[in-house]
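The next block holds one structure in the form of structure tokens; read it before the comments.
Everything quoted here is computed from the prediction, not taken from an experiment. For ligands, and for the atoms within them, numbers begin at 1 and follow the listed sequence.
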Amino acid sequence: MTLAQSILSGDRLALTRLLTQVENQTAEGRAALVELFPHTGRAHLIGVTGSPGTGKSSLVNQLALHYRKQVDPPKRVAVIAVDPSSPFTGGAVLGDRVRMRDLAGDPDVFIRSMASRGSLGGLAQTSAAVAQVFDAAGYDLILIETVGAGQSEVEIAELAHTTLVVEAPGLGDDIQAIKAGILEIADILVVNKADRSGADSTERALKNMLELAHPARKVFRHHGREMLVEAPQDDQPETLWLPPIIQTVASQGTGTAELAEAIEKHAAHLRSSGDWAARERARLEVEVEALLQEVLVSRFRSAIPEKEIEKLLSQVVNRQLSPWEAVDLLVAGRAE
Ligand SMILES: Nc1nc2c(ncn2[C@@H]2O[C@H](COP(=O)(O)OP(=O)(O)OP(=O)(O)O)[C@@H](O)[C@H]2O)c(=O)[nH]1
Ligand SMILES: [Mg+2]
């Protein structure tokens, strides 16, 4: 039996092994990914992002519990914790311990922490591959936790069908804490730590920002390109999704059911509006483009002696050539 076949038959050890192969980008991992790909496309990918320490791991933990214990039939849940090395709480290490206690021994929950190494782009690519493995292995929901702010969230959000942006009261005070780009990728806004004072004013601030954002069009972003989709008129309001704001107390589980309901509604909205297919397409397009670049660059570079590149580079450093001229020479194959 191949590794991929073992995974399709539900072998958990094989799954663990393949995840390592995929993270290390081995040939065996790649072959298995190819074999598994036709079995993907069923899972609901949910990105969970937000500032450090807002309670993302706790929330993911509560959602996993909800899908295991409160839903009939229970759903199979995979968690990918990307860049768990948050300086704030020690990140997913702590979260993992919490999760392990609550979900220990449940074979239908799989938690994978991914070390952050290599470029952010590489991380997004590896996360995509890991998500594909879980998808093929039959996990219904794949929760992807990312920490930090900026490009990495956007890239991971491009992976997800539904993106949750988690805020907490009192972190850098409301509006400042919410980067415009982050708000743009949110399908659902979560105000966690609602047991603390200031949750209502955080919610109000978010609401104001959402209303300021022009509701007359939707923006699909990927790889820096923006595709504007004209907003529907009033006769078809179901095609426009306005991100709901949900208050939660992840340390106690309060609000988890409401959050799960919002996630469900978003999935239904994506399917009825055609956005599900559009996101799938955009996601796979990004993946194909990234692979194409990777393959072309590495093929190109392997055909040029290292010495030649070194020489050009020193000329650039000495300001004899501009980076553009150096690249032109390399591409023309006339570097001397
Ligand atoms: N009071 C309160 N504390 C919470 C709540 N949710 C999480 N916490 C606490 O906040 C701290 C951070 O929680 P995590 O779930 O690790 O947060 P995180 O966003 O995953 O953190 P990083 O991954 O480090 O960015 C922990 O001490 C949690 O116990 C909440 O709803 N209320
Ligand atoms: Mg965390």
task: State the atoms of ligand 1, each with its element, that fall below the 4.0 Å cut-off from a heavy-atom position in K56.
output: 15 (O), 17 (O), 18 (P), 19 (O), 20 (O), 22 (P), 25 (O)
query: Between A250 and ligand 1, is there a nitrogen or oxygen pair with a distance under 3.5 Å?
result: yes
field: Polar contact flag for T248 and ligand 1 (N/O pairs, less than 3.5 Å)
entry: no
task: Check the side chains of T26 and Q21 for a donor-acceptor pair under 3.5 angstrom, ignoring hydrogens and angles.
output: yes
message: I'd like to check I309 versus R301 (side-chain heavy atoms, cut-off strictly below 4.5 Å). Are they in contact?
response: yes
query: Quick one: do R283 and E287 make a salt bridge, cutoff under 4.0 Å?
result: no
message: Residue-level breakdown please: for Q252 versus ligand 1, do any non-hydrogen atoms fall below 4.0 Å on the side chain, on the backbone, on both, or on neither?
response: neither
Could you list the donor-acceptor pairs under 3.5 angstrom formed between side-chain atoms of residues 249-262 and any protein atom two or more places apart in sequence or on another chain?
residue: T256; atom: OG1; partner: G253; partner atom: O; Å: 2.8

message: Tell me the angle that OG of S57 and OE2 of E145 form around the Mg ion (ligand 2), rounded to 10°.
response: 80°
task: Enumerate the atoms of ligand 1 whose separation from the nearest heavy atom of S57 is less than 4.0 angstrom.
output: 15 (O), 18 (P), 20 (O)
query: Judged by modelled atom types alone, do D11 and Q5 share a side-chain donor-acceptor pair under 3.5 Å?
result: no
query: Does the N or O separation between G53 and ligand 1 drop below 3.5 Å for any pair?
result: yes
message: Under a 4.0 Å threshold between the charged nitrogen and the carboxylate oxygen, would R279 count as salt-bridged to D187?
response: yes
- prompt: With a cut-off of 4.0 Å, which atoms of ligand 1 are near a heavy atom of E145?
  reply: 20 (O), 23 (O)
- line: Min over S251, A81, S58, P169 of heavy-atom distance to atom 28 (C) of ligand 1 lands on S58
message: Applying ring-ring contact (aromatic ring centres under 6.0 Å, His included) as the test, list every pair that has at least one member in residues 270-299; sequence neighbours left out.
response: H44-W276, H161-W276
- prompt: Of the backbone atoms (N, CA, C, O) and the side-chain heavy atoms from C-beta on, which set of V249 has a member under 4.0 Å from an atom of ligand 1: side chain, backbone, both, or neither?
  reply: both
statement: Quick note on ligand 1: atoms under 4.0 Å from a heavy atom of P52 include exactly 25 (O)
task: Kindly indicate whether the side chain of D140, heavy atoms from C-beta on, has any atom under 4.5 Å from the side chain of R42.
output: no
